[in-house]
Amino acid sequence: MNMNPKQETRNLHFFFLVFVFYVFVLCTRFQPSDATTKDSSAGQVKLQNRRLGSSVVFPVSGNVYPLGYYYVLLNIGNPPKLFDLDIDTGSDLTWVQCDAPCNGCTKPRAKQYKPNHNTLPCSHLLCSDLDLTQNRPCDDPEDQCDYEIGYSDHASSIGALVTDEFPLKLANGSTMNPHLTFGCGYDQQNPGPHPPPPTAGILGLGRGKVGISTQLKSLGITKNVIVHCLSHTGKGFLSIGDELVPSSGVTWTSLATNSASKNYMTGPAELLFSDKTTGVKGINVVFDSGSSYTYFNAEAYQTILDLIRKDLNGKPLTDTKDDKSLPVCWKGKKPLKSLDEVKKYFKTITLRFGNQKNGQLFQVPPESYLIITEKGNVCLGILNGTEVGLDSYNIIGDISFQGIMVIYDNEKQRIGWISSDCDKLPNVNHDDGGDLSEEAYPRGFGLIKELFSGSDSSKNKNLVSDGEL
């Protein structure tokens with residue numbers, strides 16, 4: 001059939017318009033509109049940074065006294081559920097109170113984690129990593145991977161390893177939902193003198209393979225670098241990744257390479273008081289955000305205490321035994337309200353890593369080793385570690401981390417620190433850290449027993465019949 005040229009032209013125009021419309025629809029569907037150009041840029045940043053790694057930043061809340069811990073809020077699961085977790089660089093395993101049901105849990109069932117057939121078998125590599133002494137921790141590789149972790153303050157958690165989504169917003173604006181492994185703790189014990197913590201669990205940031213930072217690194221999401229900045233006023237931030245690490249001004253010291261421990265151990269260091277040597281040398285130091293206070297071995301502790309008391313001779317402060325907040329306290333002529341009233345009577349304590357001429361100095365000013373108690377006394381936040389079973393080890397805890405950014409660089413096997421305003425959260429959009437609990441939990445330390453006893457602290461075994469999740 002012959003076609004009219006005009007009709008043919010109109011048909012060609014029609015098909016051309018249809019083609020243009022089809023292309024437009026495709027572009028609209030797969031390309032950003034003006035309103036989403038910003039999101040597209042963020043997506044490009046995401047692709048660029050995926051090779052380099054981004055960072056996850058969490059607001060931190062808490063204090064050394066009277067609470068005794070710092071915590072972050074973390075979403076777990078799908079749909080996500082919010083948990084408050086005690087940040088702990090002194091242990092690897094992250095765990096949350098688990099509705100399996102739960103024994104010794106402080107959270108109501110509605111705020112516990114509910115497992116959903118997501119336990120890991122004993123054959124899983126991360127299950128094996130919990131047990132340093134056995135290659136095959138269970139009789140049957142398909143058995144549920146149970147753990148038992150004990151802490152040096154005699155607290156413990158028993159549960160099963162599970163895996164679930166962790167919705168994370170990265171500093172580059174992208175979001176991810178990686179599946180991470182953690183503990184579903186169905187039996188918590190806290191036989192010590194202090195009440196159990198009101199938090200839902202522990203955020204394990206140690207150096208082992210089951211540590212959250214190590215897992216994120218293995219997934220290519222962030223670099224294995226942890227940053228925390230704790231303020232004197234109950235705020236701060238925690239970061240996993242290296243984007244917040246300053247390019248200059250950080251003092252670095254190497255992690256101990258001859259230790260089988262998964263803790264952040266440095267040293268040896270020399271102890272200085274008011275910039276003068278004390279004669280105490282060869283100190284091995286563990287950086288542990290799971291410890292409220294700082295602990296020195298018996299020799300270092302007694303040396304510092306003697307020097308402080310000598311300095312206080314003739315000062316308007318006298319020893320008091322009436323205040324049981326900490327082992328050593330002083331009272332003034334009237335109740336104290338602030339460290340500003342008395343810090344002039346105390347000197348800076350320094351740990352010098354490396355040699356005498358160009359060693360790395362970790363300085364602890366009076367406001368980072370003293371507290372003012374509710375009774376209006378000033379107490380020493382450095383304790384005798386030997387008396388509580390730490391042997392010759394020394395721990396730098398939260399009290400001495402205040403006002404500085406501490407960097408645990410697992411990529412280069414080093415620890416760094418720099419003075420910082422920890423009240424200011426880095427320029428990342430996040431919800432705030434939530435309200436502080438009024439319940440105090442003055443912990444000892446978060447280090448696992450294995451470091452000091454020589455025995456394994458996490459034994460994978462079928463512990464109780466009702467522990468099957």
Side-chain angles (χ1 to χ4, degrees), residues 62-70 228-236 251 269-278 280 285 287 289 291-296 300-352 361-385 394-406 417-424 440 442:
N63 56 53
V64 173
Y65 180 87
L67 288 181
Y69 62 92
Y70 287 86
H228 64 63
C229 200
L230 311 178
S231 81
H232 293 271
T233 62
K235 300 179 181 179
T251 300
E270 180 181 5
L271 187 63
L272 309 179
F273 183 78
S274 189
D275 297 327
K276 298 176 183 177
T277 182
T278 63
V280 179
V285 180
F287 283 62
S289 68
S291 173
S292 306
Y293 297 105
T294 290
Y295 291 79
F296 285 161
Y301 173 78
Q302 195 59 52
T303 298
I304 288 298
L305 184 56
D306 290 344
L307 288 168
I308 290 175
R309 282 176 168 162
K310 182 180 178 181
D311 262 5
L312 290 179
N313 282 335
K315 305 296 192 305
L317 292 174
T318 57
D319 282 40
T320 177
K321 301 296 183 183
D322 297 334
D323 197 331
K324 304 301 182 182
S325 302
L326 286 172
V328 177
C329 297
W330 298 273
K331 64 178 180 180
K333 293 181 178 179
K334 60 181 181 179
L336 303 169
K337 296 181 179 179
S338 168
L339 281 174
D340 292 335
E341 300 175 59
V342 294
K343 66 180 183 181
K344 61 185 177 183
Y345 303 130
F346 296 85
K347 302 291 195 307
T348 294
I349 297 169
T350 304
L351 289 167
R352 179 164 61 197
L361 303 181
F362 185 90
Q363 296 186 317
V364 186
E367 56 268 32
S368 293
Y369 67 81
L370 299 171
I371 65 166
I372 299 295
T373 70
E374 293 173 343
K375 292 187 176 182
N377 300 315
V378 56
C379 294
L380 181 63
I382 298 173
L383 284 72
N384 188 337
N394 305 271
I395 295 175
I396 303 298
D398 291 344
I399 190 170
S400 302
F401 289 148
Q402 295 174 108
I404 61 174
M405 181 186 292
V406 182
W417 54 88
I418 183 173
S419 295
S420 184
D421 183 358
C422 301
D423 284 315
K424 294 183 178 179

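- Heavy atoms only, all atoms of each residue included: Lys344 and Glu341 are closest at CE-O, 4.1 Å.
- Contact of the Val378 side chain with the Cys329 side chain is not registered, since no non-hydrogen atoms from C-beta on lie closer than 4.5 Å.
- Interatomic distance, Phe401 CZ to Ile396 CD1, rounded to the nearest 0.5 Å: 6.5 Å.
- Side-chain contact check for Leu230 versus Ile404: every heavy-atom pair is 4.5 Å or farther apart.
- Partners of Lys315 under the side-chain contact (heavy atoms from CB on, under 4.5 Å) rule, at least two apart in sequence or in another chain, are Leu312, Tyr345.
- For Lys343, the salt bridge (charged side-chain N to carboxylate O under 4.0 Å, His left out) partners at least two apart in sequence or on another chain are Asp340.
- Evaluation of the side-chain hydrogen bond (donor to acceptor under 3.5 Å, both in side chains) rule for Ser325 yields Asp323 as partners, not counting sequence neighbours.
- Shortest non-hydrogen contact noted between Ser289 and His228 is CB-NE2, 3.9 Å.
- Of the inter-residue distances, the one linking Leu317 atom CG with Trp330 atom CH2 reads 8.5 Å to the nearest 0.5 angstrom.
- Evaluation of the salt bridge (Lys or Arg N to Asp or Glu O under 4.0 Å) test over residues 303-312, restricted to residues two or more places apart or in two chains, returns Arg309-Asp319, Asp311-Lys347.
- Between atom OG1 of residue Thr233 and atom CD of residue Gln402 there is a gap of 9.0 Å, rounded to the nearest 0.5 Å.
- For Glu367, there are no salt bridge (charged side-chain N to carboxylate O under 4.0 Å, His left out) partners at least two apart in sequence or on another chain.
- Using modelled atom types, one side-chain atom of Ser291 and one backbone atom of Tyr293 make a donor-acceptor pair closer than 3.5 Å.
- Of the possible polar contacts, one joining the Ser292 side chain to the Gly68 backbone as a donor-acceptor pair under 3.5 Å is found.
- Taking all atoms of both residues into account, the shortest heavy-atom contact from Ser231 to Gly234 is OG-N, 3.4 Å.
- How far CG of Leu370 is from CG of Leu339: 6.0 Å, rounded to the nearest 0.5 Å.
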Full working for side-chain contact (heavy atoms from CB on, under 4.5 Å) between Val342 and Leu336: CA-CA 8 Å; Val342 294; Leu336 303 169; 3.7 Å; yes
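- Side-chain contact check for Leu351 versus Leu361: every heavy-atom pair is 4.5 Å or farther apart.
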side-chain contact (heavy atoms from CB on, under 4.5 Å) assessment of Tyr301 paired with Ile382: CA-CA 8 Å; Tyr301 173 78; Ile382 298 173; 4.3 Å; yes
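- We find the NZ-CG distance between Lys324 and Asn377 to be 11.5 Å, quoted to the nearest 0.5 Å.
- With sequence neighbours excluded, no residue forms a side-chain hydrogen bond (donor to acceptor under 3.5 Å, both in side chains) with Thr320.
- No side-chain heavy atom of Glu270 sits less than 4.5 Å from a side-chain heavy atom of Val280.
- A distance of 11.0 Å separates NZ of Lys331 from NZ of Lys375, quoted to the nearest 0.5 Å.
- The side-chain hydrogen bond (donor to acceptor under 3.5 Å, both in side chains) check on Thr294 picks up Ser400, with sequence neighbours excluded.
- Side-chain contact between Phe287 and Trp417 is present, with heavy atoms from C-beta onward closer than 4.5 Å.
- You'll find the side chain of Thr373 reaches within 4.5 Å of the side chain of Tyr65, heavy atoms only.
- By the ring pair (Phe, Tyr, Trp, His ring centres under 6.0 Å) test, Tyr369 is found to be paired with no residue, residues two or more places apart in sequence or in another chain being considered.
- For Ile304, the side-chain contact (heavy atoms from CB on, under 4.5 Å) criterion is met by Leu271, Phe273, Phe296, Ile308, Ile349, not counting sequence neighbours.
- No side-chain heavy atom of Leu380 sits less than 4.5 Å from a side-chain heavy atom of Leu326.
- For Thr348, the side-chain contact (heavy atoms from CB on, under 4.5 Å) partners two or more places apart in sequence, or in a different chain, are Thr350, Gln363, Pro365, Pro366.
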